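Notes to accompany the following structure.
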Amino acid sequence: MSEVRVRIAPSPSGNLHIGTARTALFNYLFAKKNNGKFVLRIEDTDAERTSQEYIDNIFDSLKALGLNWDEGPDVGGAYGPYTQSERFDIYPKYAQKLLESGYAYECFCTPEELEAEKEEATKNKKPYVYTKKCENLTEEQKAKLRAEGRKPAIRFNISKAQKAFHDTSILKFDDLVKGELHMDTSLLGDFVIMKSNGTPTYNFAVVIDDMLMKISHIIRGEDHISNTFKQILIYEALGAEVPRFGHLGMILAPDRSKLSKRHGATAVSEFVEKGYLTEALINFVALLGWSPSDGQEIKTVDEIAQDFRIGDVSSSNSIFEYDKLNWMNGHYIKMLDIEDLKERLKPYLTKYDLSEMTDAQYTRMVEVTREPLTILSDITDAVPYFFGETVEIDPKAQTEVLDTEVSQNVLKEFVKQAEGWSFDEETLHTKLEAFRAQFKELGIKPKITMWAIRVAVTGRTCGADMTAILAILGKDRVMKRVKMAMK
RNA sequence: GCUCCCAUCGUCUAGAGGCCUAGGACAACACCCUUUCACGGUGUAGACGGGGAUUCGAAUUCCCCUGGGAGUACCA
């Protein structure tokens, strides 16, 4: 077989969708596994909905996910341009070819006429297929319509192509993930390939582009299955080699509907802003439909590529649930290199004055607070007590902990003893241990002892390791806060 | 409406006729660890949508039903 060439062809009518990212990933994996090329093409045929902002977002998201393309609008390649709007001059040539070979014809029907036919069909509970009304227009009739100022669209003649290349009206192909798929093409209407304004429709543009870009395998969502039948016929009518197709199940929201904004984030960039790591995102999304042969689910994209076979991908839909993504994201946060993590956390710490801390203190703070983080943005609410001279005491902690007599006794004793301590973690650790033991003798649980100190110093009942907190804050601030908490 | 696709624990999945009294992961629950919250460890509970057929034997093959999804544009 000739070179494996796959592509992802997003339409820039929105930010890169997580579903598109998964499709891109499977294409990328397939290319990697088969020493092929991964091509990025921007399908901006519909100028109305396209914007540069979205194009940038698609580029950035794909790069952030590590899905680097070999050919594309920015890096170029031998089969460019890779932006559809820059290819407008090439589609009419092929449409003309189809017109000449009789696999396409001009259609002068107005949108109103078409609309009426459709209504008629639904009224009679009949499936709508284009009537082929314009199939056999004479040159005279066409000239007359043109004279009236009507501009024709070009329609593809399904039945003619089907008859020319297949014995029956049933068209079949062997899908890479679903196996044999078939369709009765007599149920398909002759669809428009060139709009009356001279631009190609999706189904035509993709075929021409994929053909010219020598795409060998088309891996995409199963929402394209019905398009595939139309596209195969175009390839055949054009005398081109038909690529292999593979249709992936869709990603659904927990309510089994299409994943949309009302379910939360849908764009990769939104997930990133929320504090999801691209490593976790891509790993998670790979597991939707694919599973590792060794059972080891945490894997880099390159590791997955080694193990990847398109035929192993599940053909059913899968539901996007946050539980596992969250777990996985937390896992990746725990695994991250500390310096890396320090940088990635900074965008979520802007409300604090990091200059209050030395780099060593910041490092230590991150080390002791990273554990419970699910998403990076969780850091914001996890660290307020590391900053400023004083803390705000949680009302509940105040009444339940600080206001008790035991706590007050603990704090009194703490102030007395800690005055003489050195506030390095090692010392603190042993001193605190002894401190707890001392109270335990009096029948006070270690937990209670520590709670008094914790609430006085941090304002809350839970948080990072106390020893580290005290060391980072330093003796002055700790003593100040504890004294303030005393009655 | 018509056409197509899909169907194993709540979720993601393993399973390609006997290895399945169906395995793993996340979530849940319990216990352990522990200076809190967590992390971690151990364990518990939890599924082959229904009905036929083929077979000595079916989660695995076939058919029907049901359920879910998608497509049905001069959108992509």
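Remember, it's a predicted structure, so these values are computed and weren't measured experimentally. Throughout, a chain's letter reflects where its sequence line sits, starting with A, and its residues are numbered from 1.
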Which base, if any, makes a Watson-Crick or G-U wobble pair with [N], both distances under 3.5 Å?
| N | answer |
| --- | --- |
| B/A14 | none |
| B/U55 | none |
| B/A28 | B/U44 |
| B/C9 | none |
| B/U3 | B/A70 |
| B/U35 | none |
| B/U21 | none |

Side chains of A/Ser407 and A/Asn409: is there a donor and an acceptor less than 3.5 Å apart?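 No - no donor-acceptor pair under 3.5 Å links their side chains.
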Assign [X] to base, sugar-phosphate, or nothing according to its heavy-atom contacts below 4.0 angstrom with the strands shown.
| X | value |
| --- | --- |
| A/Asp465 | base |
| A/His247 | nothing |
| A/Arg155 | sugar-phosphate |
| A/Leu181 | sugar-phosphate |
| A/Thr122 | nothing |
| A/Gly463 | base |
| A/Met183 | sugar-phosphate |
| A/Ser318 | sugar-phosphate |
| A/Arg436 | base |
| A/Glu297 | base |
| A/Gly289 | sugar-phosphate |
| A/Ala464 | base |
| A/Ser196 | base |

Mind checking the [atom1] distance from [N] to [M]? Whole angstroms is fine.
| N | M | atom1 | answer |
| --- | --- | --- | --- |
| B/C19 | B/U66 | C1' | 33 Å |
| B/G23 | B/G15 | P | 15 Å |
| B/C5 | B/A30 | P | 46 Å |
| B/A28 | B/C12 | C1' | 16 Å |
| B/U8 | B/G49 | P | 6 Å |
| B/A27 | B/U11 | C1' | 8 Å |
| B/G43 | B/G24 | P | 10 Å |
| B/U60 | B/G18 | P | 12 Å |

Is the distance between the ring centroids of [Y] and [X] under 6.0 Å?
| X | Y | answer |
| --- | --- | --- |
| A/Tyr235 | A/Phe173 | no |
| A/Tyr322 | A/Trp327 | no |
| A/Phe26 | A/Phe308 | yes |

Kindly indicate whether the side chain of A/Glu43, heavy atoms from C-beta on, has any atom under 4.5 Å from the side chain of A/Val206.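 Answer yes - side chains close enough.
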Do A/Arg344 and A/Asp340 touch side chain to side chain, with heavy atoms closer than 4.5 Å?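 SC-SC contact between A/Arg344 and A/Asp340 confirmed.
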Is atom NZ of A/Lys133 surrounded by more than 12 heavy atoms (other residues, nucleotides or ligands) closer than 6.0 Å?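 Yes, because the 6.0 Å sphere around NZ of A/Lys133 holds more than 12 heavy atoms from other groups.
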Quick check: does any side chain N or O of A/Asn283 sit under 3.5 Å from a backbone N or O of A/Glu297, one acting as donor and the other as acceptor?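 Between the backbone of A/Glu297 and the side chain of A/Asn283 there is a qualifying donor-acceptor contact (under 3.5 Å).
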Going 5' to 3' on RNA chain B, which nucleotide is the first and which the last to come under 4.0 Å of a heavy atom in chain A?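 Contacts span B/G1 to B/A76, reading 5' to 3'.
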Near RNA chain B, under 4.0 Å by heavy atom, which residues of residues 319-332 of chain A?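 The stretch gives A/Ile319, A/Glu321, A/Asp323, A/Lys324, A/Trp327 as the residues lying under 4.0 Å from the strand, ordered by number.
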All pairs passing salt bridge (charged side-chain N to carboxylate O under 4.0 Å, His left out) where residues 250-264 of chain A contributes a residue, at least two apart: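 Non-adjacent pairs meeting salt bridge (charged side-chain N to carboxylate O under 4.0 Å, His left out): A/Asp255-A/Arg262.
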If you assign A/Arg454 and A/Lys126 each to the RNA chain B nucleotide with the nearest heavy atom, which residue ends up on the more 5' nucleotide?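 By nearest-heavy-atom nucleotide position, the 5'-most residue is A/Lys126.
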Contact nearer the 5' end of RNA chain B, comparing A/Phe229 with A/Lys118: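 The 5'-side residue here is A/Phe229.
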Check each of A/Glu135, A/Arg155, A/Met194, A/Arg146 against A/Glu106 using the side-chain contact (heavy atoms from CB on, under 4.5 Å) test, and report the only one that passes.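 The side-chain contact (heavy atoms from CB on, under 4.5 Å) with A/Glu106 is passed solely by A/Arg146 among A/Glu135, A/Arg155, A/Met194, A/Arg146.
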Presence of salt bridge, A/Arg460 and A/Asp394, under 4.0 angstrom: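 No salt bridge links A/Asp394 with A/Arg460.
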What class does the angle between the rings of A/Tyr202 and A/His224 fall in, given that below 30° is parallel, 30 to 60° is tilted and above 60° is perpendicular?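 A/Tyr202 and A/His224: tilted rings.
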